[in-house]
Peer 1: 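Attaching a single structure in structure tokens format; questions to follow.
For reference, positions follow the sequence shown, starting with 1.
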Amino acid sequence: MNDALQATQTLFKAFLYNESIADKQAKFDPIIDYYARLVDRFADSDRKAKKIKYAAFQNLTNILFYLDRHDELISLCEGQLDSKVLDKQAKRMLEKSEKLRAHLAFHRVETCHFESMEEIAEDEMETEEVVEEEAVVEGAE
């Protein structure tokens, strides 16, 4: 499980705010399959594996949510609503995903990750520190 976590972290670090993630989606498929197999492998009655199943489900749903794979996430959560271990987590993620999907539909977009046409140079970006310094300089005059 640690390898899957590290791989997920490495893949998400490569995301940039102004680039589409369509080409990076396929790289997550082995990780998603791994977590799905973990969730399916353990029964709800297995007390020792309950934490592993819960953690795998949480990681799986978070990955799907941040990749904007809401259809997959909703079907996964609906399938786990009968589970004694995962029912609350499934219900929360189901509501969260449906809310974001409705929000995206309102704005007529399919994903939160879209390519920006505007290139901004790093020296043109204002940071919070720069704004505070300018306020201090203006107050001294």
Peer 1: Salt-bridge test for R69 and D29: reply yes if a basic N is under 4.0 Å from a carboxylate O, no otherwise.
Peer 2: yes
Peer 1: Clusters formed by hydrophobic residues whose side-chain heavy atoms approach within less than 4.5 Å: which one holds L94, and what are its other members?
Peer 2: I74, L81
Peer 1: With rounding to the nearest 0.5 angstrom, report the CG to CD1 distance, L11 to I21.
Peer 2: 11.0 Å
Peer 1: So, for K84 and D44, which heavy atoms are closest and what is the spacing to 0.1 Å?
Peer 2: N-OD2, 3.2 Å
Peer 1: Where is the tightest heavy-atom contact between T8 and I31, given as atom of each residue plus distance?
Peer 2: OG1-CG2, 3.4 Å
Peer 1: Write down the atom of C77, the atom of F57, and the distance for their closest heavy-atom approach.
Peer 2: SG-CZ, 4.2 Å
Peer 1: Would you say CD of E98 has more than 12 non-hydrogen atoms from neighbouring residues, nucleotides or ligands within 6.0 angstrom?
Peer 2: yes
Peer 1: In sequence, state the C-alpha distance, the side-chain angles, and the governing distance for D33 and R37, and then conclude on side chain to side chain contact (heavy atoms under 4.5 Å, CB included).
Peer 2: CA-CA 6 Å; D33 292 339; R37 282 193 314 267; 3.9 Å; yes
Peer 1: Let me confirm one number: the CD-CG distance from E110 to L104, rounded to the nearest 0.5 Å.
Peer 2: 9.0 Å
Peer 1: Give the intermediate values and the outcome of side chain to side chain contact (heavy atoms under 4.5 Å, CB included) for residues D68 and L100.
Peer 2: CA-CA 9 Å; D68 287 331; L100 183 60; 4.1 Å; yes
Peer 1: Report whether V39 and L5 are members of the same hydrophobic cluster (ILVMFWY, side-chain heavy atoms less than 4.5 Å apart, transitive linking).
Peer 2: yes
Peer 1: Taking atom OG of S75 and atom CD of Q80, what is their separation to the nearest 0.5 Å?
Peer 2: 10.5 Å
Peer 1: About how many Å separate CZ of F65 and CG of L73, when rounded to the nearest 0.5 Å?
Peer 2: 8.0 Å
Peer 1: Distance under 6.0 Å and angle within 45° of the ring axis: does K50 meet both against F42?
Peer 2: no
Peer 1: To check you understand the geometry: which heavy-atom pair defines the closest contact between P30 and A26, and what is its length?
Peer 2: CD-O, 3.8 Å
Peer 1: Taking it one step at a time, do D87 and D82 satisfy side chain to side chain contact (heavy atoms under 4.5 Å, CB included)?
Peer 2: CA-CA 6 Å; D87 60 342; D82 296 335; over 6 Å; no
Peer 1: Show your reasoning for whether side chain to side chain contact (heavy atoms under 4.5 Å, CB included) applies to K53 and L38.
Peer 2: CA-CA 6 Å; K53 183 173 182 165; L38 274 179; over 6 Å; no
Peer 1: Might you confirm whether atom OH of Y54 has over 12 heavy atoms from other residues, nucleotides or ligands at distances under 6.0 Å?
Peer 2: yes
Peer 1: State the CZ-CD distance between R92 and Q89, to the nearest 0.5 angstrom.
Peer 2: 5.0 Å
Peer 1: Within this structure, what is the CG-NZ distance for the pair L67 and K24, rounded to the nearest 0.5 Å?
Peer 2: 11.0 Å
Peer 1: Between R101 and D71 (salt bridge meaning N to carboxylate O under 4.0 Å), is one present in this structure?
Peer 2: yes
Peer 1: Give me the atom names and distance for the closest heavy-atom approach of S97 to H70.
Peer 2: OG-ND1, 2.8 Å
Peer 1: Do F15 and F12 have ring centres separated by under 6.0 Å?
Peer 2: yes
Peer 1: Could you list who else is in F106's hydrophobic cluster, with ILVMFWY side chains joined at under 4.5 Å, directly or through other members?
Peer 2: none
